[in-house]
Amino acid sequence: EVREMYKKFVELLQKEKVTPYQVSKATGISQSTLSDWKTGRAKPKADKLLKLAEYFGVTVDYFLKEES
């Protein structure tokens with residue numbers, strides 16, 4: 001689910017003390033794309049999830065797995 005994934009993204013932002021703007025600049029993922037994920041308007045594509053995972057040092061699975 002997109003909103004669940006975005007929640008994990010926000011947790012990583014807080015943990016790493018970075019802003020969505022900084023992540024956008026570093027990964028090339030536009031802020032409007034991040035915003036679309038936040039609202040659930042768009043689902044992250046695999047290539048963008050991979051960039052985020054690499055940026056934060058987590059696996060793509062981290063974003064995709066449901067919290068147990």
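Separating the NZ atom in Lys45 from the CH2 atom in Trp37 is a distance of 9.5 Å, to the nearest 0.5 Å. Taken to the nearest 0.5 Å, the CG atom of Leu50 stands 11.5 Å off from the NZ atom of Lys48. For the atom pair NZ (Lys25) and OG1 (Thr27), the distance works out to 10.5 Å, reported to the nearest 0.5 Å. One distance of note links CZ of Phe9 with CG of Leu34; it measures 4.5 Å at 0.5 Å rounding. The CG atom of Leu13 sits 6.5 Å away from atom OH of Tyr6, with the distance rounded to the nearest 0.5 Å. With rounding to the nearest 0.5 Å, the separation of CD1 in Ile29 from OH in Tyr55 is 10.5 Å.
When side chains are defined from C-beta on, Leu12 counts as touching Phe63, because their heavy atoms get closer than 4.5 Å. Contact annotation: the side chain of Phe56 never approaches that of Tyr62 to less than 4.5 Å [non-hydrogen atoms, C-beta and beyond]. Leu52 places a side-chain heavy atom less than 4.5 Å from the side chain of Val23. The closest side-chain heavy-atom distance from Lys38 to Pro20 is not below 4.5 Å. In this structure, the side chains of Val2 and Met5 stay at 4.5 Å or more apart for every pair of heavy atoms.
For Ser35 and Ser32, the side-chain atoms include no donor-acceptor pair closer than 3.5 Å.
Between the side chain of Lys51 and the backbone N or O of Ala46 there is no donor-acceptor pair closer than 3.5 Å.
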